[in-house]
Amino acid sequence: MENKNSQGAQERPSRCPDNSAFKQQKLPAWKPKLTAPTVLSSLFIIGLFCLLMGICLILSARSVKEIQINYSDICLNCSKLRENSSNWDKECNCSVHVTLQENMLGDVFIYYRLQNFYQNHRRYVLSRSDSQLLGEDVNIQNSNCAPFTTYPNGTPMAPCGAIANSMFNDSIQLSYYLNSYTAIQVPLLKTGNSWWSDKNVKFRNPTSYNLSSAFAGTTRPPYWQKPAYLLDEEDERNNGYLNDDLIIWMRVSAFPTFRNLYRRVSHTNQFADGLPAGNYTFHIAYNFPVTKFKGKKQVVLSTVTWCGGSNLFLGIAYTVSGAVTVLAGFIITAIHLKLRKKKTYFQR
């Protein structure tokens, strides 16, 4: 019996790790020696760096020139018209005047800002078909797009889902007054505003010899005024699922108040350096109702700096982190000196 047991033990594989430097943990390692001077100096260096970075970020964010115009109340008549869904085919336009006291030099961006619009609802976030947006031939009945999948007659929607159906569709144009009587339209860029990864990876148009035939057999979502292949009648490349406005809208926000990039000012003619000071007018074709959910709409003119737009969060976060780190350094220094004095006293 003993011979059999010893023989079985020899046949079973050993659970010991191989006798290698890696598996036996014999590789050379660097173990820092944490002394009071090294720890305290590291704390003060990191804290001062965060403080300086935070101050720079705050000053840079405050140097951004930004104007916000709330046109929800100014365009109240159009808002009441749009609340009745039977008036979806009736046009309604309004104008908002604004005066720039100073030049807005550099890149100038136009945003639309929505308040009290919750895009973070679970069913809303899931209400889309990524396969359809990639141009694939899919059965959207098996997707999460319900109830925005097909019409009662069975015609599928393109694109389907609640996110696409609720896309912001106000049309905004900007005019600049050369004098009291002469106004010229500010050239705006409506392409190149979306993320490269979205435009080139996440969205594709269906393959066909032309875009209208690619979307044959489908129809627009209920709240849209145009089919997907006619979203931009001036630029064929900015149509279908590759439309920049659609791509930007499909990236939902985590908060009920958010802004999305709408247009960029083209640096041509009088606007080569940006927007000169003077009188401007926003001409708005009002299509997106907000009063039912007690929302507000704003149009935002803004410049940018090396750290982005007018957002103080990052600067405040760096400043607070740096202040806490420096404070911790002073507290630890005081404790270290106090304990060192006691140790010296007892040694005597």
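Side-chain atoms are counted along with the backbone in the values below, which use heavy atoms only and exclude waters and symmetry mates. Heads up: numbering here begins at 1 and tracks the sequence.
E91 has no carboxylate O lying under 4.0 Å from a charged side-chain N of R82, or vice versa, which leaves the two without a salt bridge. Salt bridge R204/E136: absent, no basic N to carboxylate O contact under 4.0 Å. Salt bridge D245/K190: absent, no basic N to carboxylate O contact under 4.0 Å. The existence of a salt bridge linking K296 and D73 is confirmed by a sub-4.0 Å separation between a basic side-chain nitrogen and an acidic carboxylate oxygen. Look at R251 and D198 and you find a salt bridge, because one of the NZ, NE, NH1 or NH2 atoms lies within 4.0 Å of a carboxylate O, short of that distance.
Shown here for L134 and K202, the closest heavy-atom pair between the two residues is CD2-O, 3.5 Å. The minimum heavy-atom distance between L57 and L314, with the atom names listed, is CD1-CG, 3.8 Å. The minimum heavy-atom distance between S72 and V290, with the atom names listed, is OG-CG2, 4.3 Å.
Note on L114 and V125: same hydrophobic cluster, where clusters join Ile, Leu, Val, Met, Phe, Trp and Tyr whose side-chain heavy atoms are under 4.5 Å apart, directly or indirectly. Cluster annotation: I45 is not connected to L327 through the hydrophobic network of ILVMFWY side chains, with a link wherever side-chain heavy atoms come within less than 4.5 Å.
Ring orientation note: the planes of F288 and F293 are nearly perpendicular, at an angle over 60° on the 30°/60° scale.
Side-chain atoms of Y262 come within 3.5 Å of backbone N or O of I172 as a donor-acceptor pair. A donor-acceptor contact shorter than 3.5 Å links the side chain of N243 to the backbone of N238.
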